[in-house]
Amino acid sequence: MLLSAARCAELRRPSTPHSVRPVLRLFYTSPRRPTHTNAQVTMSRKVVRSSKFRHVFGQGLKADQCYDDIRISQMTWDSNFCTVNPKFVAMIVDASGGGSFIVLPLSKTGRIDMSYPTVCGHTGPVLDIEFCPHNDNIIASGSEDCSVMIWEIPEGGLTSPLSEPVVKLEGHSKRVGILSWHPTAHNVLMTAGCDNVLILWNVARGQEMVRMDTVHTDLIYSACWNRDGSQILTACKDKTLRVLDPRKGTVITEKEKPHEGSRPVRALFVSDNKILSTGFSRMSERQVALWDPNHFGEALTLQELDTSSGVLLPFFDPDTGIVFLCGKGDTSIRYFEITDEAPFVHYLSMYSGKESQKGMGYMPKRGLEVNKCEIARFYKLHDRKCEPVVMTVPRKSDLFQEDLYPNTIGPEPSVEADDWFDGKDGQPIMISLKDGIAAPTKTKEFKVNKTLLKSTTVCAGDQGNRGGEIESLRNEVKQLREALEALTKTVNDLQPQQQ
């Protein structure tokens, strides 16, 4: 190999540290961490999404704050089995010779005596229960005996077994497994049964107002209202999500096969009228998906979670945009934040307990302790007890956190049942939780509920008066029939004499 004269002169030159340094720099500077440019810093910040709910953590309460020795129902129906409000917690329990559920004041923690009174009017197992959002003393129950019953819980809880409902609603031919109160209209209840029928009731009158018996071709897995109650969302065993007009009973839009698997699907409305669904893939992997009903062709996002077999029960908080996924039979609660940025459903964290959950109750926002930065509270059902689980945002200040607690939905209805069925919609009436620190929520709720209880009692009294009028009419018809039969007999007796 021939070298140039300049290169030969360079090689003859004696080596010095200065001549070696560039060569060494060639070999040793490359492993060093490069200096970040502004663009690289911006990109690295985007990797971790900023959110005030990133550090939300869940914590189960101590044993003395749980509800012990309660025989939770062994039914395999995929409902919550629990409902809760700022006054009471109700759980479906095992019962012989019929169905019953227990209603406890929130303060009655510890061991519950076996002889504690229950609500026991159903002749078959109770499948679903739900407190009225406009009256904390009113609760609805659906059962295998094909009936729906409305109960009034006395102030302070039950002192004796309750077997006589305020109203009994009969219209389903098979068991009733889904109940949902209207979010803004007073005394409007939606029920769905295993007869594939969805019915809207005017509870104050005890009347069936809308009956949808041709929309669903198979078992209805879930049914819920949107924020103002102007639409209903259902998930069906025929693998179709349907958005319905509740008063017309017609389908607005639908999506076939939101999830490929054959296991039950759950769906609910979230922010901006978008739809979140939980289901299973063909390989039985649990999935969560977000849909825009205006463009139902393709999901905004679809994420696979795990391979467990339990149905995921979704709970959504419209104030924070957080959705909680509680799997039946799981020991954990996952929570995600829903935003307008892709991938739209952002994983936050997971609460893990020691025992699996048979059901779950979700406390309305007005029942939380705002001075402890509590953004959600669940009532987790075990085999023999109910354990409250608190979700908290860690903050150092004890002052009211306005960014965590915007105005939330209050207990006051914005429209009456008759007006709503006539076509009038009502937006939710919002309340501030700031006074919850100065004055306990229960005291404030007592005044509101007292007014609502009065109106509900009047409606129930009207129902009783109508019942009395109907009974008197029946007696009158009976007397007329007896008189007609007597006259017919007299005529028959006179005819042979005339001949």
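When reading the values below, keep in mind they use all heavy atoms of this one structure, side chains included, and skip hydrogens, waters and symmetry mates.
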Find out whether I333 and M391 are in side-chain contact, i.e. whether some heavy atom of one side chain is under 4.5 Å from a heavy atom of the other. yes

Side-chain donor/acceptor of D292 to backbone N/O of K274, under 3.5 Å: no

Supply the atom-to-atom distance I178 CD1 to S222 OG, rounded to the nearest 0.5 angstrom. 6.0 Å

Would you call D272-R227 a salt bridge at under 4.0 Å N-O? no

I'd like to know whether E144 forms a side-chain contact (heavy atoms from CB on, under 4.5 Å) with M75, so could you lay out the CA-CA distance, the side-chain angles of the two residues, the decisive distance to 0.1 Å, and finally the verdict. CA-CA 11 Å; E144 274 197 357; M75 292 294 294; 3.3 Å; yes

F324 and ring-ring contact (aromatic ring centres under 6.0 Å, His included): which single residue from F53, F378, F336 fits? F378

I129 side chain near F81 side chain, heavy-atom distance below 4.5 Å: no

Quiz question: by atom type and distance under 3.5 Å, do the side chains of D425 and S230 form a donor-acceptor pair? no

With distance as the sole criterion, is a donor-acceptor pair present between the side chains of T234 and H216 under 3.5 Å? yes

Residues L368, M363; criterion side-chain contact (heavy atoms from CB on, under 4.5 Å); working and verdict: CA-CA 7 Å; L368 302 180; M363 174 68 79; 3.9 Å; yes

How many angstroms lie between atom CG of L219 and atom SG of C194, to the nearest 0.5 angstrom? 5.0 Å

Under a 3.5 Å cutoff, is there a donor and acceptor pairing between the side chains of T250 and D245? no

List the atom of V84, the atom of G361, and the distance in Å for their closest heavy-atom pair. CG1-C, 4.1 Å

One pair to check against side-chain hydrogen bond (donor to acceptor under 3.5 Å, both in side chains): Q427 and D228. What are the steps and the verdict? CA-CA 5 Å; Q427 292 299 317; D228 63 356; 3.2 Å; yes

Is a donor from one side chain sitting under 3.5 angstrom from an acceptor on the other, for Q357 and H382? no

For the pair I92 and I102, evaluate side-chain contact (heavy atoms from CB on, under 4.5 Å) and give the outcome as yes or no after the intermediate values. CA-CA 6 Å; I92 302 174; I102 190 169; over 6 Å; no

Looking at E355 and K380, is there a salt bridge between them, counting it only when a charged N and a carboxylate O are closer than 4.0 Å? no

Yes or no on side-chain hydrogen bond (donor to acceptor under 3.5 Å, both in side chains) for W420 and H182, after CA distance, side-chain angles and deciding distance? CA-CA 10 Å; W420 185 81; H182 195 284; 3.1 Å; yes

Can you tell me if T83 uses its side chain to pair, donor with acceptor, with the backbone of A90 under 3.5 Å? no

Flag, side chain of K434 to backbone of Y405, donor-acceptor distance under 3.5 Å: no

Side chain proximity check, L106 to V89, heavy atoms < 4.5 angstrom: yes

Find the distance between CZ (R377) and CD (E374) and round it off to the nearest 0.5 Å. 4.0 Å

I'd like to know whether M190 forms a side-chain contact (heavy atoms from CB on, under 4.5 Å) with I232, so could you lay out the CA-CA distance, the side-chain angles of the two residues, the decisive distance to 0.1 Å, and finally the verdict. CA-CA 9 Å; M190 171 177 62; I232 292 174; 3.5 Å; yes

For this output row, return yes or no: ring centroids of Y362 and F315 closer than 6.0 angstrom. yes

Can you find a heavy atom in the side chain of V415 that is under 4.5 Å from one in the side chain of H186? no

Do P411 and I431 have side-chain heavy atoms sitting under 4.5 Å apart? yes

Counting C-beta onward and ignoring hydrogens, is there a side-chain heavy-atom pair between T240 and K255 closer than 4.5 Å? no

Between T184 and G426, the two heavy atoms sitting closest are OG1-O, 3.1 Å

Minimum heavy-atom distance F269-F316, with the two atoms named: O-CD2, 4.0 Å

Using distance alone, with no hydrogens and no angle criterion, decide if N202 and D418 have a side-chain donor and acceptor under 3.5 Å apart. yes

Indicate yes or no: at least one non-hydrogen side-chain atom of M149 is less than 4.5 angstrom from one of V167. no

Would you check if the side chain of S143 reaches a backbone N or O of P125 as a donor-acceptor pair within less than 3.5 Å? yes

Locate the shortest heavy-atom distance separating A223 from S180; write the atom from each residue and the value. O-CB, 4.3 Å

Are any side-chain N or O atoms of D128 and backbone N or O atoms of L179, one a donor and one an acceptor, separated by less than 3.5 Å? yes

Once the angle between the rings of Y67 and Y379 is folded into 0 to 90°, is it parallel (under 30°), tilted (30 to 60°) or perpendicular (over 60°)? tilted

Could you point out which residue of H122, H172, R175 forms a side-chain contact (heavy atoms from CB on, under 4.5 Å) with S147? H122

Apply the test salt bridge (charged side-chain N to carboxylate O under 4.0 Å, His left out) to residues K87 and E155: give CA-CA distance (whole Å), side-chain angles for both, the deciding distance (0.1 Å), then the verdict. CA-CA 9 Å; K87 284 187 179 181; E155 206 66 44; 2.8 Å; yes

Check whether any side-chain heavy atom of E304 sits under 4.5 Å from a side-chain heavy atom of V288, and report yes or no. no

Taking the side chain from N226 and the backbone from Q231, do they hold a donor-acceptor pair closer than 3.5 Å? yes

side-chain hydrogen bond (donor to acceptor under 3.5 Å, both in side chains) assessment of E337 paired with S51: CA-CA 9 Å; E337 186 176 4; S51 170; 2.5 Å; yes

Between S79 (side chain only) and L127 (backbone N and O only), is there a donor and an acceptor less than 3.5 Å apart? yes

Below 4.0 angstrom, N of the basic side chain to O of the carboxylate: do R286 and D330 qualify? yes

Would you say the side-chain atoms of E130 pair up with the backbone N or O of W181, donor to acceptor, closer than 3.5 Å? yes

Geometric cation-pi criterion, K108 with F88: 6.0 Å, 45°: no

Whether the side chain of K328 engages the backbone of K358 through a donor-acceptor N/O pair (distance < 3.5 Å, no angle test) should be reported. yes

In Å, rounded to the nearest 0.5 Å, how long is the span from CZ of F57 to NE2 of H55? 12.0 Å

Would you call K168-E170 a salt bridge at under 4.0 Å N-O? yes

Measure the spacing between CH2 of W201 and CG of L169 and express it to the nearest 0.5 Å. 5.0 Å

Considering all heavy atoms, the nearest L104-M91 contact: CD1-CE, 3.8 Å

Side-chain donor/acceptor of T278 to backbone N/O of L312, under 3.5 Å: yes

Answer yes when R247 and D422 have at least one side-chain N-carboxylate O distance shorter than 4.0 Å, and no when they do not. no

Could you tell me which non-hydrogen atom of L433 sits nearest to which non-hydrogen atom of R366, and how far apart they are? CD2-CA, 3.8 Å

Is it true that atom NZ of K237 has more than 12 heavy atoms of other residues, nucleotides or ligands lying nearer than 6.0 Å? no

Going from CZ on R395 to CD on Q401, what distance comes out if it is rounded to the nearest 0.5 angstrom? 4.5 Å

Full working for side-chain hydrogen bond (donor to acceptor under 3.5 Å, both in side chains) between H259 and S277: CA-CA 9 Å; H259 301 274; S277 65; 2.8 Å; yes

